[in-house]
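From a predicted model like this one, the values you see are computed outputs, not experimental measurements.
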Amino acid sequence: METKQLRVNGKRLQSTLEDMAKIGATPNGGVQRLALSDEDKQARDLFVKWLRQIDLEVRIDEMGNIFGFRKGKDNDLPPVMSGSHIDSQPKGGRFDGILGVMGALEVMRVLHENKIETKRPMAVVVWTNEEGTRFAPAMQCSGVWADALDRDWIYGRTDINGLRFEDELMRIGYKGETPAQKSDVHAYYEYHIEQGPVLERKGITIGVPKGIVCLHWYDIYLEGEANQVGPTPMEGRHDALCAAAQMILKVNELPSRMGGNLVATVGELQNEPNSRNIIPDKVHFTVDLRSWDDELAIKAWELVKCDFEDIAKERGCPIRIEETWRVEHSPFDSKLVQNILDASDSLEYSSLHMVSGAGHDASYMNQIAPTAMIFVPSIGGRSHVEVEDTKWEDCEAGANVLLHSMLQSANE
Ligand code: HGY
Ligand code: MN
Ligand code: MN
């Protein structure tokens with residue numbers, strides 16, 4: 001068949017997504033597949049089985065990244081790669097990450113059953129721990145592969161129960177032999193739900209991000225003085241939770257203080273001893289800052305860090321600040337972006353140039369290879385929630401655009 005006529009099998013894509021959604025299914029229709037959990041392992045095992053069914057050469061590296069390689073006519077040429085992540089948020093959705101993995105798998109299935117030979121080899125990839133919710137930071141293992149994050153630092157990261165990344169990776173049997181080291185990649189495409197409201201609001205099928213914002217993650221630790229809430233006068237208390245509360249409001253005010261073009265969020269908080277009749281003496285909370293403008297995000301951080309130090313002093317609550325992680329904003333490769341726009345046009349899908357406010361493994365891949373992304377609408381603009389949803393016909397449309405964008409790159 002002429003490659004221009006090729007289309008993905010939308011029903012098969014839907015059924016693979018439905019099969020994956022059964023793994024870690026939550027009562028309200030979402031998924032919980034935390035990185036390196038048993039559910040993550042189950043989904044990985046199923047994915048590897050599917051790779052082998054279409055004769056892809058499977059390689060698993062020392063970070064648990066899974067690659068499925070498809071030969072081309074000239075296997076000395078750098079491959080065209082596509083992938084995303086299988087891990088999810090604690091109460092995550094059925095499309096975040098997994099749509100990009102299943103979309104790339106569907107592309108490989110179409111090429112396999114139509115016996116399409118491409119000039120270049122191709123590969124589908126699952127990056128370990130994109131979410132960073134169990135083991136912070138995010139995009140860890142694409143970061144190691146892109147030589148932007150240190151393998152042993154990631155190996156030593158612990159979850160809230162003190163379990164180490166490396167031990168959990170070994171426990172699920174995915175600490176592979178292959179070094180997690182970058183190699184030449186001709187083009188990297190990542191297919192993903194938009195996770196925002198823009199495409200749905202504008203009635204557009206395909207989002208084509210010009211790039212991804214910068215992401216900055218910080219961890220704040222406060223020490224107070226615990227005491228019985230009854231007899232202890234308000235005067236002279238060192239209440240770590242009140243100090244945190246003031247700081248959290250400062251984070252929330254930051255975007256307007258900086259004149260916009262920034263989002264700032266405190267998403268995680270631990271409070272000890274977390275008993276209603278004890279003044280809290282240990283608090284940890286996280287700060288997530290994002291902007292297309294890296295300098296603005298750094299300026300915002302310097303500003304709010306001063307506020308934190310003033311509040312800590314005023315309340316007599318010593319503070320420890322960890323500048324945990326920063327990844328620069330990533331402007332995508334204009335040629336690959338054009339490939340996606342052209343593929344959308346030839347398939348007669350509407351498309352829109354936009355920016356990704358969500359982080360993706362493409363942030364790191366963009367540092368070492370020509371990279372671009374394909375978005376499809378999120379219903380209600382919701383994501384990282386159990387109600388996350390995307391129309392099946394949009395899933396099919398995005399996979400068709402991925403198919404033809406990858407073919408364009410694989411034959412040049
Ligand atoms: O944080 C993010 O945007 C992604 O889900 N890791
Ligand atoms: Mn994602
Ligand atoms: Mn996510």
is_close_aromatic(F285, W217), centroid dist under 6.0 Å
no
Hey, are T324 and D219 close enough side-chain-wise for a donor-acceptor pair under 3.5 Å?
yes
Going by distance alone, is a donor N or O of one side chain under 3.5 Å from an acceptor N or O of the other, for E131 and T133?
no
Flag the pair L402 / S82 as yes when at least one side-chain heavy-atom distance between them is below 4.5 Å, and no otherwise.
yes
Just checking E348: does its CD atom have more than 12 heavy atoms from other residues, nucleotides or ligands closer to it than 6.0 angstrom?
no
Between E412 and H186, is any pair of side-chain heavy atoms under 4.5 Å apart?
yes
Would you call H404 and L347 a side-chain contact if the rule is heavy atoms closer than 4.5 Å?
yes
Would E272 and Q270 count as having a side-chain donor-acceptor pair, cut-off 3.5 Å?
no
Between the side chains of N274 and N271, is a donor N or O closer than 3.5 angstrom to an acceptor N or O?
yes
Passing option when S330 is tested against T371, N366, V213 for side chain to side chain contact (heavy atoms under 4.5 Å, CB included):
N366
Shortest non-hydrogen pair, A264 vs V251, comes out as CB-O, 3.5 Å
May I ask you to establish whether R44 and Y174 are in a cation-pi arrangement, using a distance under 6.0 Å from NZ or CZ to the six-membered ring centre and at most 45° from the ring axis?
yes
Between D333 and Y188, is there a side-chain donor-acceptor contact under 3.5 Å, judged purely by atom types and distance?
no
Working to the nearest 0.5 Å, report the span between CG of L105 and NE2 of H112.
11.0 Å
Calculate, to the nearest 0.5 Å, the distance between atoms CD1 and CD belonging to I23 and E39 respectively.
9.5 Å
Which residue is it: I206, V376, L199? I am looking for the one with a side chain to side chain contact (heavy atoms under 4.5 Å, CB included) to D394.
V376
Taken to the nearest 0.5 Å, the spacing of M373 CE from E194 CD works out to 11.0 Å
Which distance, rounded to the nearest 0.5 Å, do you find between the CE of M20 and the CD1 of I98?
4.5 Å
Student check: side-chain heavy atoms of F69 and L56 closer than 4.5 Å
no
With heavy-atom distances below 4.5 Å as the criterion, would you say the side chains of H353 and V337 are in contact?
yes
Which heavy-atom pair separates D281 from A226 by the least distance, and what is that distance?
CB-N, 3.3 Å
Polar contact flag, side-chain donor to acceptor under 3.5 angstrom, D96-H85:
yes
For Q5, look at atom CD and say whether over 12 heavy atoms of other residues, nucleotides or ligands are found less than 6.0 Å away.
yes
Of all heavy-atom pairs between L99 and H192, which one has the smallest distance, and what is that distance?
CD2-C, 4.4 Å
Check I66, D87, D361 against W127 for a side chain to side chain contact (heavy atoms under 4.5 Å, CB included) and give me the one that passes.
D361
Distance (rounded to the nearest 0.5 Å) between F375 CZ and S351 OG
14.0 Å
For S291 and N261 the tightest heavy-atom approach is OG-O, 2.7 Å
On the six-membered ring of F135, is R157 placed so that its NZ or CZ lies under 6.0 angstrom from the centre and within 45° of the ring axis?
no
Identify whether NZ of Lys or CZ of Arg in K210 sits under 6.0 Å from the centre of the six-membered ring of W292 and within 45° of that ring's axis.
yes
Pair E113 + R12: basic N to acidic O under 4.0 Å
yes
Would D294 and K299 count as a salt bridge (charged side-chain N to carboxylate O under 4.0 Å, His left out) if you check the C-alpha gap in whole Å, the side-chain angles of each, and the deciding distance to 0.1 Å?
CA-CA 9 Å; D294 298 74; K299 242 190 259 143; over 6 Å; no
Which atom pair, heavy atoms only, marks the closest approach of S88 to V31?
OG-O, 3.5 Å
Test side-chain hydrogen bond (donor to acceptor under 3.5 Å, both in side chains) on R315 and Q246; report intermediate values, then the result.
CA-CA 10 Å; R315 286 190 171 270; Q246 277 183 278; 2.5 Å; yes
Compute whether any side-chain donor of one residue and acceptor of the other, for T26 and Q32, lie under 3.5 angstrom apart.
no
Would you check if K71 and P121 make a side-chain contact, meaning some heavy-atom pair closer than 4.5 Å?
no
Got L6 and L111 here, is their nearest side-chain heavy-atom distance under 4.5 Å?
yes
Using the ring of W145 (Phe, Tyr or Trp, six-membered ring only), decide whether R151 places NZ or CZ under 6.0 Å from its centre and within 45 degrees of its axis.
no
Ring-plane angle category for Y218 and H216, please: parallel below 30°, perpendicular beyond 60°, tilted otherwise.
perpendicular
Passes side-chain contact (heavy atoms from CB on, under 4.5 Å), N400 versus Y349? Steps please.
CA-CA 10 Å; N400 275 322; Y349 297 131; 3.2 Å; yes
The side chain to side chain contact (heavy atoms under 4.5 Å, CB included) partner of M365 among M139, E190, M81 is M81
When you look at CZ of R326, are more than 12 heavy atoms from neighbouring residues, nucleotides or ligands closer to it than 6.0 Å?
yes
Any side-chain donor-acceptor pair under 3.5 Å between Q195 and S378?
no
Under the salt bridge (charged side-chain N to carboxylate O under 4.0 Å, His left out) rule, what do D288 and R290 come out as? Steps first, then yes or no, please.
CA-CA 7 Å; D288 175 310; R290 303 185 186 202; 2.8 Å; yes
Please evaluate residues D389 and R94 with respect to the criterion side-chain contact (heavy atoms from CB on, under 4.5 Å), reporting the C-alpha separation (whole Å), side-chain torsions for both, the decisive distance (0.1 Å), and the verdict.
CA-CA 7 Å; D389 199 1; R94 295 171 295 130; 3.4 Å; yes
Please find out if less than 6.0 Å separates the ring center of H360 from that of Y191.
no
Would you please say whether a donor-acceptor pair under 3.5 Å links the side chains of D342 and Q338?
yes
Verify whether one side chain among D150 and Y155 offers a donor that lies under 3.5 Å from an acceptor in the other.
no
Ignoring hydrogens, what is the shortest heavy-atom contact between L215 and I212? Give both atom names and the distance.
CD1-CG2, 4.3 Å
Could you go through the side-chain contact (heavy atoms from CB on, under 4.5 Å) check for L36 and L34 one step at a time?
CA-CA 6 Å; L36 310 184; L34 295 180; over 6 Å; no
With a cut-off of 6.0 Å (strictly less than), are more than 12 heavy atoms of other residues, nucleotides or ligands near NZ of K305?
yes
What distance separates D61 CG from C141 SG, expressed to the nearest 0.5 Å?
7.5 Å
Checking salt bridge (charged side-chain N to carboxylate O under 4.0 Å, His left out) for the pair K41/D45: CA distance, chi angles, key distance, verdict?
CA-CA 6 Å; K41 172 181 172 47; D45 293 347; 3.2 Å; yes
Within the structure provided, determine whether E388 and I193 are in side-chain contact (heavy-atom separation under 4.5 Å).
yes
R134 and E168: salt bridge (charged side-chain N to carboxylate O under 4.0 Å, His left out), yes or no, with the steps?
CA-CA 11 Å; R134 180 182 178 198; E168 285 294 281; 2.8 Å; yes
